[in-house]
Amino acid sequence: MQNLWDKKASNYQRFDGKISAIQQQIYGKALAWGIDFNGKEILDIGCGTGVWSIFLSKTAKHITGIDSSEKMIEILNEDAKRFGVTNLTSEVCSWREFKPLKHFDIAICTMSPAVASDEDFLKFQNCAKQKLYLGWDKPRSSDLLEPFFEKFGRVLSQKNVVDRLEAWLNEQGIDYKSEILNETRIARRSVQEAAENICWHLEINGAKNYDEKTVLAMLKERFEGEFIDEKIDSQMKLFVF
């Protein structure tokens with residue numbers, strides 16, 4: 001899986017000085033629910049290219065970002081340097097490999113497969129005073145990807161992590177706040193970029209018997225022109241505990 005995320009890194013969202021509308025909504029909700037990021041020691045699990053890490057570094061005491069993808073961490077370090085961030089450290093490792101050397105004020109995990117099992121939840125709970133988790137409430141819908149999933153198949157991951165986390169929190173008697181958030185966005189890509197994106201999603205969803213040549217041929221049958229607009233509908237669930 002690490003190699004798959006390395007493949008995705010070059011096309012992944014990068015911090016450009018601000019966060020997106022849905023990320024602003026998440027941040028505002030966290031503040032409303034009592035998370036104060038000012039002057040705090042923060043752990044960003046599955047930090048990817050560091051959008052949240054770099055954004056939060058403006059007010060945090062220190063940020064630690066971890067991710068299993070070396071390419072993602074390379075981009076995080078590059079962008080942190082570009083924005084003059086000096087209070088951020090990063091580490092290439094999985095959540096299960098990570099050995100916290102301190103107890104954090106806040107730990108966040110947003111749209112990452114890093115925290116997925118009861119063992120992961122317990123480690124997440126114990127590593128920081130406050131936790132913020134954002135995950136898929138249901139598989140995201142894409143008008144571009146669906147025909148390819150229909151043709152090549154799709155193996156959805158085991159029972160939704162959001163459901164399992166909520167059940168675990170209830171079993172442990174841990175108080176939490178949660179809310180469902182929705183986002184619709186349009187992603188514009190070249191035909192080649194769209195083909196690479198489709199192949200990545202097919203691979204990560206366990207599809208079989210496809211290749212980029214076939215995917216490109218299908219795309220060219222369905223679309224004319226240099227660019228393809230993909231409509232993506234996402235339903236996520238935010239937890240603070």
Side-chain angles (χ1 to χ4, degrees), residues 2-95 97-115 124 127-135 181 183 185-189 193 196-197 200 232 234 236 238-240:
Q2 180 173 343
N3 184 43
L4 273 178
W5 289 102
D6 282 346
K7 283 185 190 176
K8 189 70 173 169
S10 61
N11 295 316
Y12 213 67
Q13 181 193 3
R14 294 175 70 153
F15 187 70
D16 61 2
K18 59 186 185 302
I19 53 175
S20 68
I22 188 69
Q23 287 165 336
Q24 288 173 28
Q25 193 178 342
I26 293 158
Y27 182 66
K29 185 62 65 176
L31 295 179
W33 285 349
I35 294 190
D36 178 6
F37 297 95
N38 289 316
K40 298 298 197 305
E41 290 273 0
I42 300 172
L43 173 65
D44 187 358
I45 302 161
C47 61
T49 56
V51 173
W52 281 111
S53 292
I54 298 171
F55 172 72
L56 293 173
S57 72
K58 292 187 240 178
T59 55
K61 180 181 178 182
H62 190 270
I63 299 270
T64 301
I66 67 166
D67 201 283
S68 62
S69 166
E70 187 175 349
K71 298 290 185 190
M72 293 277 192
I73 292 291
E74 282 176 10
I75 292 169
L76 178 149
N77 291 336
E78 184 182 310
D79 288 350
K81 187 176 180 181
R82 186 158 57 96
F83 283 95
V85 176
T86 57
N87 60 338
L88 188 155
T89 55
S90 61
E91 186 176 339
V92 179
C93 70
S94 70
W95 174 231
E97 293 167 338
F98 180 63
K99 293 179 172 55
L101 299 177
K102 57 189 168 189
H103 192 254
F104 294 87
D105 297 309
I106 301 164
I108 69 171
C109 181
T110 60
M111 308 312 294
S112 168
V115 175
F124 189 39
C127 77
K129 185 178 178 183
Q130 290 182 302
K131 280 72 57 180
L132 183 152
Y133 177 89
L134 182 75
L181 304 173
E183 179 191 35
R185 63 186 177 91
I186 303 294
R188 171 163 284 197
R189 298 183 178 91
E193 287 169 344
E196 290 170 3
N197 183 57
W200 186 88
I232 303 164
S234 301
M236 299 155 279
L238 176 68
F239 293 84
V240 166

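Source: prediction; values computed, not measured.
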- Message: Between Thr64 and Cys47, does the side-chain contact (heavy atoms from CB on, under 4.5 Å) criterion hold? Intermediate values first, please.
- Response: CA-CA 9 Å; Thr64 301; Cys47 61; over 6 Å; no
- Task: For side-chain contact (heavy atoms from CB on, under 4.5 Å), just list the numbers for Lys40 and Lys129, CA-CA rounded to whole Å, side-chain angles, deciding distance to a tenth of an Å, and then say yes or no.
- Result: CA-CA 11 Å; Lys40 298 298 197 305; Lys129 185 178 178 183; over 6 Å; no
- List the steps and the verdict of side-chain contact (heavy atoms from CB on, under 4.5 Å) for Ile75 and Tyr12. CA-CA 10 Å; Ile75 292 169; Tyr12 213 67; over 6 Å; no
- Item | From CA spacing to verdict: side-chain contact (heavy atoms from CB on, under 4.5 Å), Ile42, Trp52 | CA-CA 11 Å; Ile42 300 172; Trp52 281 111; over 6 Å; no
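Checked by atom type and distance alone, the side chain of Ser94 never pairs as donor or acceptor with a backbone atom of Ser68 at under 3.5 Å. In this structure a side-chain-to-backbone donor-acceptor pair under 3.5 Å is missing from Asp67 to Ile73.
Here CD1 of Ile45 is found 10.5 Å from OH of Tyr133. Values are rounded to the nearest 0.5 Å. Put simply, OG on Ser20 and CZ on Arg185 are 8.5 Å apart, with the number rounded to the nearest 0.5 Å. Atom CE of residue Met236 and atom CE of residue Met111 lie 6.0 Å apart, to the nearest 0.5 angstrom. Here Gln130 contributes atom CD and Ile108 contributes atom CD1; the two are 12.5 Å apart, rounded to the nearest 0.5 Å. Note that OG of Ser53 is 8.5 Å distant from CG of Leu43, once rounded to the nearest 0.5 Å. The OG1 atom of Thr110 sits 7.5 Å away from the CG atom of Leu132 when rounded to the nearest 0.5 Å.
What you find for Gly46 and Ser112 is that their closest heavy atoms are CA-OG, 3.5 Å. The nearest pair of heavy atoms linking Val85 to Ile54 is CG2-CG2, 3.9 Å. Across all non-hydrogen atoms, the minimal contact from Ser57 to Asn87 is O-ND2, 3.0 Å. Taking both residues in full, the closest heavy atoms of Gln23 and Val51 are given as NE2-CG1, 3.8 Å, listed atom of the first, atom of the second, then distance. Here the shortest heavy-atom pairing between Asp6 and Glu70 reads OD1-N, 3.3 Å. The heavy-atom pair separating Leu181 from Ile26 by the smallest distance is CD1-CG1, 3.6 Å.
Ring geometry for Phe124 against Trp95 counts as perpendicular: the plane angle is over 60°, on a 0 to 90° scale with 30° as the lower cut. Using the six-membered ring where Trp is involved, Trp5 and Trp200 have ring planes that are perpendicular, over 60° apart on the 30 and 60° scheme.
Residue-environment remark: NZ (Lys71) stays at or below the threshold of 12 foreign heavy atoms within 6.0 Å.
Listed by chain and residue number, Asp16 satisfy the salt bridge (Lys or Arg N to Asp or Glu O under 4.0 Å) test with Lys18 (two or more places apart in sequence, or in another chain). By the salt bridge (Lys or Arg N to Asp or Glu O under 4.0 Å) test, Glu74 is found to be paired with no residue, residues two or more places apart in sequence or in another chain being considered. Applying the side-chain hydrogen bond (donor to acceptor under 3.5 Å, both in side chains) rule to Glu91 yields no partners; only residues at least two apart in sequence or on another chain are considered. Partners of Arg82 under the side-chain hydrogen bond (donor to acceptor under 3.5 Å, both in side chains) rule, at least two apart in sequence or in another chain, are Asp79. With sequence neighbours excluded, no residue forms a side-chain hydrogen bond (donor to acceptor under 3.5 Å, both in side chains) with Ser234. Under the rule for a salt bridge (Lys or Arg N to Asp or Glu O under 4.0 Å), the partners of Lys29 that lie at least two apart in sequence or sit in another chain are Glu179. Take Asn77 and apply the side-chain hydrogen bond (donor to acceptor under 3.5 Å, both in side chains) test, not counting sequence neighbours, and it matches Ser90. Applying the side-chain contact (heavy atoms from CB on, under 4.5 Å) criterion to Ile186, with sequence neighbours excluded, gives Asp229, Lys231.
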Below 3.5 Å, can you tabulate the donor-acceptor pairs from side chains in residues 30-39 to any protein atom, sequence neighbours excluded?
| from | atom 1 | to | atom 2 | distance (Å) |
| --- | --- | --- | --- | --- |
| Asp36 | OD1 | Asn38 | N | 3.0 |
| Asp36 | OD1 | Asn38 | ND2 | 3.1 |

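Residue pairs meeting the salt bridge (charged side-chain N to carboxylate O under 4.0 Å, His left out) criterion with at least one member in residues 47-56, sequence neighbours excluded, do not occur. Applying the ring-ring contact (aromatic ring centres under 6.0 Å, His included) rule to pairs touching residues 59-79 yields nothing, sequence neighbours excluded. Residue pairs meeting the salt bridge (charged side-chain N to carboxylate O under 4.0 Å, His left out) criterion with at least one member in residues 41-61, sequence neighbours excluded: Glu41-Lys102.
Between Tyr27 and Leu56, the closest side-chain pair of non-hydrogen atoms falls below 4.5 Å.
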